[in-house]
Peer 1: 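The structure under discussion is supplied below as structure tokens; questions concerning it will follow.
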Amino acid sequence: LGEGINGEFLIDDNKFITVTTQYVNSMISYDPVAKNKTTIFKFNTFPLGANPQRSLLYDNGTFYSSTSVGGTNNLGVVFSFDAITNEYKVLYNLTTSAYSLGDFTKMGNMLYAPANSGYYGGSSTQNYGAVFYIDLTNNAASFTPTTPGGAGAGPVGVMVPTNNPNELLVLTTSGTGSYVGGSMTRFNTITNSFYGIPTSYFGSNTFPSYLTKTSDGRIFATTEYNGTYNQGCLHLQSVGTKTSFKSNTTGRGPNGAIAELNGKYYIATRYDGPGSGTEGTIVEIDPANMTLPTLKISLKQNDGRRPTGNLMVTNNKIYGVMASGGKTETNSTGDLSYVNRGTFFSYDPSVNLYTKLYDFTGIAGESPASLILAPTGSLLPLQFINFNANKCNTNQVCLGWETANENNVSHFEVLRSTDGINFTQVSKVTAKNKATNNYSFTDNISTLTNSANIFYKLKEIDQDNKFLLSETKLVENK
């Protein structure tokens, strides 16, 4: 699957989807019934963005998120990924005005995200962050800067809607005076501006990290510190600390959004817990009496450690990912790259059962980011198992690819680009429609001597004209 989990898994026909953030950056799906994974897309071309760190947002057949590096300015990109065609698009190249984005929230045709970094007024010394927003009708993007003396600075996590249809709540991490540790502040999506007095504020060294709006309409912030024991808390909007965490009893540093199941709240902590070698926990909280969380699971190395992203509820179970830990043995050749890459797990509260479903190995990435649930039937069954493009002599590039599960496939188009964005067809290859299939094509590039980089991808076209795009391959034309 890859390693370095840092976002969400999303479910499609009881399959989960996540992005991996280290070693190999990939978007992958995992089927917990068949116990297999499929690499959907690899972030392996720097101009198109690399190292995705945030959760995927799904809306009307399309995933949205951002990368942390790559793109025109090497500050990351905002991208879309079509769940039907597997087409990846760069919507916007991030700039110094707003980057290091949090998770996206969609309001109408607009995407909003907190930007933890952004240079206010173009000044290289005023890196206070911003609210970033992009219009999906034309991909026009802009930002509203934050300042320490106003709404607070360094916004993080995700923006959540309030009871006002034109309002989002923003979580900032620093400020001045009463807001020295940040605040929950209001953002108007009509004027794209902050307004009013923040509804909650935090003391110094609190480190708020994420907002959740629960089913009863309450809005909570998770904090890494603060609370009764200064080891993290759930902070209720306009009220203050409701639940405090303690290192040796519940674990510390609650992480991500609150999950709800059968009238109870569940959340993971990233650090410590009771017993030697514990590195994170899963706790249960009664919404009617939130003072003390109830420890449910203590996490050890083999379980996976450092829960990350948001917990996901489906089929009366809770699912999530770990940023590290898991498989500790090496393979037959002693390759240590298979160690400590993170895990995917389920938790059944009815029997208090934790099950490790998958160990990330690094082959397609590591350190998964978070977990989300995709719509039924969003991904085509055909799989690109391997796709390679290499220069085989001065004027030729040799391409080869292997597929599985071909059914009703018409043909493949070989697409080429010199900028990684605009592709043209250079060949058409008839499909074989067998269980596994191998193809090859040699491209003449004698007319491209002035192009330093050449990009290739494959377009699989079904008999009913549906299509699927492969990952993009970069060939250096030296």
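One is the number of the first residue; the rest follow in order along the sequence.
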Peer 1: Passes side chain to side chain contact (heavy atoms under 4.5 Å, CB included), Phe187 versus Thr144? Steps please.
Peer 2: CA-CA 10 Å; Phe187 186 83; Thr144 300; 3.9 Å; yes
Peer 1: Roughly how far, to the nearest 0.5 Å, is the CZ atom of Arg416 from the CG atom of Leu399?
Peer 2: 10.0 Å
Peer 1: Tell me the closest heavy-atom pair linking Ser427 and Val429, and the distance in Å.
Peer 2: OG-CG2, 4.1 Å
Peer 1: Tell me if a side-chain donor or acceptor on Thr172 pairs with a main-chain N or O of Pro155 at a distance below 3.5 Å.
Peer 2: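 Pair absent, no side-chain N/O of Thr172 close to backbone of Pro155.
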Peer 1: So do Ile134 and Met110 actually touch side chain to side chain, heavy atoms under 4.5 Å?
Peer 2: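 No, their side chains stay 4.5 Å or more apart.
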Peer 1: Testing the basics here: between Phe194 and Pro145, what is the closest heavy-atom pair and its distance to 0.1 Å?
Peer 2: CE1-O, 3.7 Å
Peer 1: Could you tell me whether a side-chain N or O of Asn188 sits under 3.5 Å from a main-chain N or O of Ser193, the two making a donor and an acceptor?
Peer 2: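 No: the side chain of Asn188 does not pair with the backbone of Ser193.
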Peer 1: Can you confirm whether more than 12 heavy atoms, excluding those of Asn60, are under 6.0 Å from its CG atom?
Peer 2: no
Peer 1: Which heavy atom in Leu101 sits nearest to a heavy atom in Ser66, and how many Å separate them?
Peer 2: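 Result for this residue pair: CB-OG, 3.8 Å.
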Peer 1: Looking at Asn315 and Lys317, would you say the former's side chain and the latter's main chain have a donor-acceptor pair under 3.5 Å?
Peer 2: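 Judged by distance alone, no pair lies under 3.5 Å.
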Peer 1: Is it the case that over 12 heavy atoms from other parts of the model lie below 6.0 angstrom from the CG atom of Asn450?
Peer 2: no
Peer 1: Check whether any side-chain N or O of Asn477 sits under 3.5 Å from a backbone N or O of Ser451 as a donor-acceptor pair, and report yes or no.
Peer 2: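 Answer holds: yes.
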Peer 1: Just so I know, are the side chains of Ser68 and Gln53 near enough to count as touching, which here means a heavy-atom distance under 4.5 Å?
Peer 2: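 The answer is yes, as the side chains (C-beta and beyond) meet within the 4.5 Å cut-off.
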Peer 1: How would you list, by chain and number, every residue that makes a side chain to side chain contact (heavy atoms under 4.5 Å, CB included) with Pro208, sequence neighbours excluded?
Peer 2: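 Once residues adjacent in sequence are excluded, the partners of Pro208 under the side chain to side chain contact (heavy atoms under 4.5 Å, CB included) criterion are Leu171, Thr173, Phe202, Thr206, Thr223.
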Peer 1: With rounding to the nearest 0.5 Å, note down the distance linking CG in Asn395 to OG in Ser446.
Peer 2: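 The CG atom of Asn395 sits 5.0 Å away from the OG atom of Ser446.
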Peer 1: For Gly157 and Tyr210, which heavy atoms make the closest approach, and how far apart are they?
Peer 2: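 In this case the closest contact between Gly157 and Tyr210 is CA-CD1, 3.7 Å.
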Peer 1: Take Asn164 and Thr162, measure what side-chain hydrogen bond (donor to acceptor under 3.5 Å, both in side chains) needs, and give me the verdict at the end.
Peer 2: CA-CA 5 Å; Asn164 184 331; Thr162 67; 5.5 Å; no
Peer 1: Under a plain distance cut-off of 3.5 Å, with no hydrogens placed, do Asp419 and Ser417 share a side-chain donor-acceptor pair?
Peer 2: yes
Peer 1: Could you walk me through whether Arg186 and Leu169 pass side chain to side chain contact (heavy atoms under 4.5 Å, CB included), step by step?
Peer 2: CA-CA 5 Å; Arg186 293 176 290 178; Leu169 207 60; 4.0 Å; yes
Peer 1: When you compare the side chain of Phe43 with that of Pro52, does any pair of heavy atoms fall below 4.5 Å?
Peer 2: yes
Peer 1: Hey, is NZ on Lys89 packed in by over 12 heavy atoms from elsewhere, all under 6.0 Å?
Peer 2: no
Peer 1: Check the angle between the aromatic planes of Phe132 and Tyr92 and answer parallel, tilted or perpendicular using the 30° and 60° thresholds.
Peer 2: tilted
Peer 1: Could you grab the distance from atom CG of Leu94 to atom CG of Asn73, nearest 0.5 Å is fine?
Peer 2: 8.5 Å
Peer 1: So, for Pro307 and Leu299, which heavy atoms are closest and what is the spacing to 0.1 Å?
Peer 2: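 Looking at all heavy atoms of both residues, the closest pair is CG-CD1, 3.6 Å.
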Peer 1: So, taking the atom named CG in Leu48 and the one named OG1 in Thr67, what distance separates them when rounded to the nearest 0.5 Å?
Peer 2: 9.5 Å
Peer 1: Starting at CZ of Arg252, measure out to OH of Tyr271 and round the result to the nearest 0.5 Å.
Peer 2: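 Spacing of CZ (Arg252) from OH (Tyr271) equals 7.0 Å.
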Peer 1: Is Ser65 reaching over with its side chain to a backbone N or O of Leu56, donor-acceptor style, under 3.5 angstrom?
Peer 2: no
Peer 1: Is there a donor-acceptor pair closer than 3.5 Å between any side-chain N or O of Thr212 and the backbone N or O of Thr214?
Peer 2: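 The answer is no, because no donor-acceptor pair under 3.5 Å joins these two groups.
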Peer 1: Determine whether Asn437 and Val409 make a side-chain contact, defined as any pair of heavy atoms from C-beta on separated by less than 4.5 Å.
Peer 2: no
Peer 1: Checking Lys473 side chain against Phe387 main chain: does a donor-acceptor pair fall under 3.5 Å?
Peer 2: yes
Peer 1: Ignoring hydrogens and angles, tell me if any N or O in the side chain of Ser324 forms a donor-acceptor pair with the backbone of Gly342 under 3.5 Å.
Peer 2: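 Not a single qualifying donor-acceptor pair exists.
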Peer 1: I need the single residue from Tyr88, Phe104, Tyr58, Phe79 that forms a ring-ring contact (aromatic ring centres under 6.0 Å, His included) with Phe63. Which is it?
Peer 2: Tyr58
Peer 1: Going through the checks in order, is the side chain to side chain contact (heavy atoms under 4.5 Å, CB included) test met by Thr105 and Val160?
Peer 2: CA-CA 7 Å; Thr105 300; Val160 299; 5.9 Å; no
Peer 1: Under 4.5 Å between any side-chain heavy atoms of Asp443 and Val414, yes or no?
Peer 2: no
Peer 1: Any chance you could measure Asn93, atom CG, to Tyr99, atom OH, to the nearest 0.5 Å?
Peer 2: 15.0 Å
Peer 1: Any idea which heavy atoms bring Gly256 and Asn310 closest together, and the distance?
Peer 2: CA-OD1, 3.3 Å
Peer 1: Under the criterion side-chain hydrogen bond (donor to acceptor under 3.5 Å, both in side chains), I'd like the reasoning laid out for Ser209 against Thr222: C-alpha separation, chi angles, the key distance, then a yes or no.
Peer 2: CA-CA 6 Å; Ser209 59; Thr222 55; 3.0 Å; yes
Peer 1: Starting from the C-alpha separation in whole Å, work towards a yes-or-no answer on side chain to side chain contact (heavy atoms under 4.5 Å, CB included) for Thr403 and Thr436.
Peer 2: CA-CA 6 Å; Thr403 68; Thr436 59; over 6 Å; no
Peer 1: Please answer whether the main-chain N or O of Gly309 pairs with a side-chain N or O of Asn255 as donor and acceptor at a distance below 3.5 Å.
Peer 2: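 Answer holds: yes.
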Peer 1: Would you say the side chain of Tyr64 lies within less than 4.5 Å of the side chain of Asp59, judging by non-hydrogen atoms?
Peer 2: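 In contact.
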Peer 1: Looking at Ser440 and Gly400, would you say the former's side chain and the latter's main chain have a donor-acceptor pair under 3.5 Å?
Peer 2: no
Peer 1: Within a radius of less than 6.0 Å around NZ of Lys432, do more than 12 heavy atoms belonging to other residues, nucleotides or ligands occur?
Peer 2: yes
Peer 1: Apply the test salt bridge (charged side-chain N to carboxylate O under 4.0 Å, His left out) to residues Asp303 and Lys356: give CA-CA distance (whole Å), side-chain angles for both, the deciding distance (0.1 Å), then the verdict.
Peer 2: CA-CA 6 Å; Asp303 301 318; Lys356 182 175 66 173; over 6 Å; no
Peer 1: Would you verify whether the NZ or CZ of Lys457 falls within 45 degrees of the ring axis of Phe423 while also being under 6.0 Å from that six-membered ring's centre?
Peer 2: yes
Peer 1: Answer yes or no: is there a side-chain heavy-atom contact under 4.5 Å between Tyr456 and Val397?
Peer 2: yes
Peer 1: Checking Tyr439 now: which residues fulfil ring pair (Phe, Tyr, Trp, His ring centres under 6.0 Å) with it, not counting sequence neighbours?
Peer 2: Trp401, Phe412
Peer 1: With a 4.5 Å cut-off on side-chain heavy atoms, are Val475 and Asn453 touching?
Peer 2: no
